[in-house]
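Naming convention: chains lettered A, B, ... in sequence-line order (proteins, then strands); numbering from 1 in each chain.
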Amino acid sequence: MDVLAVLNLSDIAQYFSKMAMFPVFDLAYYIVSILYLKYEPGSVEVSRRSPVASWLCAMLYCFGSYILADIMLGDSPVDYFHNNSHILLATAVWYLVFFCPLNLFYKCVAFLPVKLVLVAMKEVVRTRKIAAGVHHAHHAYHHGWFIMVITGYVKGSGVALMSNFEQLLRGVWRPETNEIMNMSFPTKASLYGAILFTLQESHLLPISKNILICLFTLFMATSKVVLTARHSHGSPFTLIESWVCHLLFGSPLGGSEDSHDHHHSAAVHAAPVSPTKTKEELNEGTRKRKAKKAE
Amino acid sequence: MDVLAVLNLSDIAQYFSKMAMFPVFDLAYYIVSILYLKYEPGSVEVSRRSPVASWLCAMLYCFGSYILADIMLGDSPVDYFHNNSHILLATAVWYLVFFCPLNLFYKCVAFLPVKLVLVAMKEVVRTRKIAAGVHHAHHAYHHGWFIMVITGYVKGSGVALMSNFEQLLRGVWRPETNEIMNMSFPTKASLYGAILFTLQESHLLPISKNILICLFTLFMATSKVVLTARHSHGSPFTLIESWVCHLLFGSPLGGSEDSHDHHHSAAVHAAPVSPTKTKEELNEGTRKRKAKKAE
Amino acid sequence: MDVLAVLNLSDIAQYFSKMAMFPVFDLAYYIVSILYLKYEPGSVEVSRRSPVASWLCAMLYCFGSYILADIMLGDSPVDYFHNNSHILLATAVWYLVFFCPLNLFYKCVAFLPVKLVLVAMKEVVRTRKIAAGVHHAHHAYHHGWFIMVITGYVKGSGVALMSNFEQLLRGVWRPETNEIMNMSFPTKASLYGAILFTLQESHLLPISKNILICLFTLFMATSKVVLTARHSHGSPFTLIESWVCHLLFGSPLGGSEDSHDHHHSAAVHAAPVSPTKTKEELNEGTRKRKAKKAE
């Protein structure tokens, strides 16, 4: 590793971690995010009946992570909205995804090969956001490790963490589940990533930030592309989590997140949380069929 | 226009836009707002069972716009509560509206001619708030047009935008609708007003702020008085909105907000939003009967 | 009083009101708070299925008052989380209460004599928090009496005031009731305490702060210990409240908070609020049985 680092891995990593995100990568982020919004049942009707509510949801999908992080650090929640060009770009994407004639734009970006590239690019942005969130929190609270993890986490997870309230804006209310009780893969990965970046920022992880960004991006992009391509809603963490939960919390082996376990432990009130509830992991086929029907 | 402006329209406008709101106009604002709270089904019972919850709702009705704007700009949400005299005045109005012997105060202010005057005065305050909100945001974010519009919007709409949570305080929960999905006339007008004032503040509208305040107040007061007098829950924007929505979003002509359209587009989950849900537009007669029965 | 104050009451009061809360008293606060979390139906299942959600709820139970007060005063809601040692201590308590082998820790601290001591210590911390909250708000808003009362109130009541949202995190949603509509004894006492401390801070109460802290702590600890020991969910304020509500709001004598009254005034929508809903006042026997069954 050291040899490589001396040679040119560190150069590549530095170049990669300094690369500008706006506009290309951010554009991919907005497209994928608003695509997921369109997959949500009912979102097309909302866009027809109340474009303002739909636009606001789209902005939450694109900038939810900035809004949450600003709230967490006590800044103005609309602070990010002074970046007029970002907002206008996201607005254009929202308009094209929802209102393009013949649904052309949607069909292009939802075409699997195109989508896989966009999904990979979104993960590049996500990793950067986590790193930036942790760094920002580190600047504000020098030894506030918990604050660093929380800020990185909300920066990575974005709208998922406030999905209950985002749904409320569209007239949907599902109190029996939420993203913290049933974390999807990106949310979980954001939490672990935030912990890694916090350790790095506190010099407890003997690795440079640039290289960590590179490696984590690589891991996230690969996982997300594979999961999307296989229409899977699994998670590469299942095995290790099941062991850790067994050791720490005495959960039966098989994983605290295993669907098997869910059915046994008579859930908190309502029906056991069905996999259709997890935002980004839903079988792609079903989603597309739903979205098409909604057209 | 210019000639008039040189003569005395600008003087009148300047005088009008500098006129103090406290206490007379603010008093009218508090009275009308708390009157609308009393019209809400169940609010009289809440005032009997839990005066603290009722008082808190009344404060949200009177100062919701300040609370929301403070949150948006990252200030303390209770910042406005250091104006003890405003709070005490609103508290007195709340007490008189809900607990005055023989319901005398309520009967006086709900008497239509009196109410029309109060409603007109409330619109004077609303316009001022929008202008102040946009100006405040302009001061904090010089080119943050979206932030200026959002701040002006929440300053004008006030409690309506958080009505779901205000209802929750009274034990009522209606997730199937919200003020952004089904904007009432004052909310919509606040949005358009906020856009106008933002354009003016950015020097894109060739008109002085004083005159814009005058004209917008005139428009709002007239519309609101006519709507209240006719017990109507229509909106003067319907025609123009239906054309704009047709052009931009391909909505069928007849207006995206038309009740006809609502019934067709199988709403987002629950029953189609009935007109009884829109806060300020409800038929006055029905409301009064309900409020009387609740006594 | 003056003589006593000159002699040594003031010394004792000063010593008492300067005594460090961390770690002993804070530990008691965390234990009792997380004990109440474990009493909540469904919380044990949540801790098994999603340790992250359970940990977050535990943090809200322990630090909800700081989070709310920080929000009220416009600071970062996670500000308190930079106290790593406090967070780690609360995390350890959470782990022991929920995951200790044989449930030993839970059995020890829920043993009535031990619990009574812990409950009394919790009230010491609560009184200090109210006083600190009022003082902090006084510092920020010199004549903001309402802000001082609100800040003291949220510092004293803590998680109770956001219980609807804390429950949502565990997948439970009970919109028909909330802590403001149906205040439990600690919430009510926090409100009255916040008013007293505000009066003291504004020099309207001719008593030194140290002595007020002493007396209020004494009152709270005694009341809470008696209520806990008698498994009662009453309130020592009932008589005086019923008279004040009769005078001010024309409530029938017998008290606006009397369950008798509740049944008459056809509650706000849903079933009349049953006493099982009030958080901290629930009959201890039933709770323990429930918690044991949940194990």
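- B:N182 and A:R49 get closest at one heavy-atom pair: OD1-NH2, 3.7 Å.
- Contact record, A:D79 with B:I147: O-CD1, 4.0 Å, taken as the closest heavy-atom pair.
- Each of B:I150, B:T151, B:L248 has some count of heavy-atom pairs under 4.5 Å with chain A, and the biggest count is that of B:L248.
- Within the 3.5 Å criterion, the main-chain N or O of A:F81 finds no donor-acceptor partner in the side chain of B:Y141.
- Atom OG of B:S251 sits about 7.0 Å away from atom CZ of A:F99, to the nearest 0.5 Å.
- Closest of all the heavy-atom pairs between B:G74 and A:P77 is N-CD, 4.3 Å.
- Atoms CG and CD, on A:L168 and B:E176 in that order, are 10.0 Å from each other to the nearest 0.5 Å.
- Both the backbone and the side chain of B:F146 have a heavy atom closer than 4.5 Å to some heavy atom of chain A.
- Interface residue B:F165: only side-chain heavy atoms are found under 4.5 Å from chain A.
- For A:H136, the NE2 atom counts as loosely surrounded, since its 6.0 Å shell holds 12 or fewer non-hydrogen atoms of other residues, nucleotides or ligands.
- Only the side chain of B:N164 comes within contact range of chain A, with at least one heavy atom under 4.5 Å from a heavy atom of that chain.
- For chain B, the nearby parts of A:L169 are the backbone and the side chain; heavy atoms of each come within less than 4.5 Å.
- A:S50 approaches B:I180 most closely through the heavy-atom pair OG-O, 3.2 Å.
- Nearest heavy atom pair, residue B:M72 against residue A:S76, reads O-OG, 2.6 Å.
- With a 4.5 Å cut-off on non-hydrogen atoms, A:N84 touches chain B through its backbone and its side chain both.
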